[in-house]
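Keep in mind that the numbers below use all heavy atoms, side chains included, and drop hydrogens, waters and symmetry copies.
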Amino acid sequence: MKIEKAGLILALCFFGAALCYARDPQMSTSKLNKSKSGTEKIKPTYISLVQFTDKGIQGAKQTTQRVAAWAAKAQSIGVTIKQMYWTLGQYDQVCVFEAPDDETAASVLLAADMLGNIRSQMRAFTASEMEKILAKVP
């Protein structure tokens with residue numbers, strides 16, 4: 001009888017946890033996005049550490065407007081800016097975003113860097129990977 005009762009309690013706990021997970025998608029560490037074909041596809045999340053250049057710090061009062069314009073351009077190639085944080089210390093911003101792949105992620109960061117206001121950091125790329133990135137710069 002004790003084993004049956006323990007089994008029932010465990011089953012109810014697992015069922016309750018499953019219901020909580022279904023009601024709170026934030027408990028998941030990855031996001032599922034619908035692709036145009038209707039199949040489920042995981043879209044990677046990226047975090048970039050950003051530092052202002054001298055030009056960027058001189059124009060710091062326009063930083064939120066620049067980020068909004070950049071986010072709109074990034075959206076046009078399938079990148080979603082999830083959060084942008086302005087920070088104090090070694091880095092001036094932390095950008096959290098989703099992109100279809102590494103090359104697209106790097107291309108939007110490079111496009112922002114090319115404006116001269118920031119320098120961003122991400123992973124290292126080979127020459128052939130960099131060619132793909134440059135081809136995607138908006």
Worksheet item: Would you call Ser107 and Ile77 a side-chain contact if the rule is heavy atoms closer than 4.5 Å?
Response: yes

Item to complete: Could you note down all residue pairs passing salt bridge (charged side-chain N to carboxylate O under 4.0 Å, His left out) where residues 56-76 supplies at least one of them, sequence neighbours left out?
Response: none

Item to complete: Report the residues that fulfil side-chain contact (heavy atoms from CB on, under 4.5 Å) with Thr126, sequence neighbours left out, ordered by chain and then residue number.
Response: Ser128, Glu129

Worksheet, complete the sentence: Residue pairs passing the ring pair (Phe, Tyr, Trp, His ring centres under 6.0 Å) test with at least one member in residues 49-89, sequence neighbours excluded, are none

Worksheet item: Considering residues at least two apart in sequence or located in another chain, which fulfil the side-chain contact (heavy atoms from CB on, under 4.5 Å) criterion with Gln51?
Response: Gln90, Tyr91, Asp92, Gln121

Item to complete: Could you list the residues that satisfy salt bridge (Lys or Arg N to Asp or Glu O under 4.0 Å) with Asp113, not counting sequence neighbours?
Response: none

Worksheet item: Who else is in Leu115's hydrophobic cluster (ILVMFWY, side-chain heavy atoms under 4.5 Å, direct or via others)?
Response: none

Practice prompt. Taking the side chain as every heavy atom from C-beta outward, state whether Leu110 and Met130 have any atom pair closer than 4.5 Å.
Written response: yes

Item to complete: Using side chain to side chain donor-acceptor pair (under 3.5 Å) as the criterion, list what pairs up with Thr104, not counting sequence neighbours.
Response: Asp101, Lys136

Worksheet item: Going only through I, L, V, M, F, W and Y residues with side-chain contacts under 4.5 Å, is there a path from Met84 to Leu49?
Response: no

Worksheet item: By salt bridge (Lys or Arg N to Asp or Glu O under 4.0 Å), which residues pair with Glu131, not counting sequence neighbours?
Response: none

Fill in: Ile81 side chain reached by Cys95 side chain, heavy atoms, under 4.5 Å
yes

Fill in: All side chain to side chain donor-acceptor pair (under 3.5 Å) counterparts of Gln93, not counting sequence neighbours
Thr63

Fill in: Glu98/Val79 under side-chain contact (heavy atoms from CB on, under 4.5 Å): CA gap, chis, key distance, verdict
CA-CA 6 Å; Glu98 292 178 343; Val79 174; over 6 Å; no

Fill in: Set of residues satisfying side-chain contact (heavy atoms from CB on, under 4.5 Å) with respect to Thr53, sequence neighbours excluded
Lys55, Arg119

Worksheet item: Do any pairs count as a ring pair (Phe, Tyr, Trp, His ring centres under 6.0 Å) and have a residue in residues 93-120, sequence neighbours left out, and if so which ones?
Response: Tyr46-Phe97

Discussion item. Applying side-chain contact (heavy atoms from CB on, under 4.5 Å), can you list everything that pairs with Ala111, at least two apart in sequence or on another chain?
Written reply: Val137, Pro138

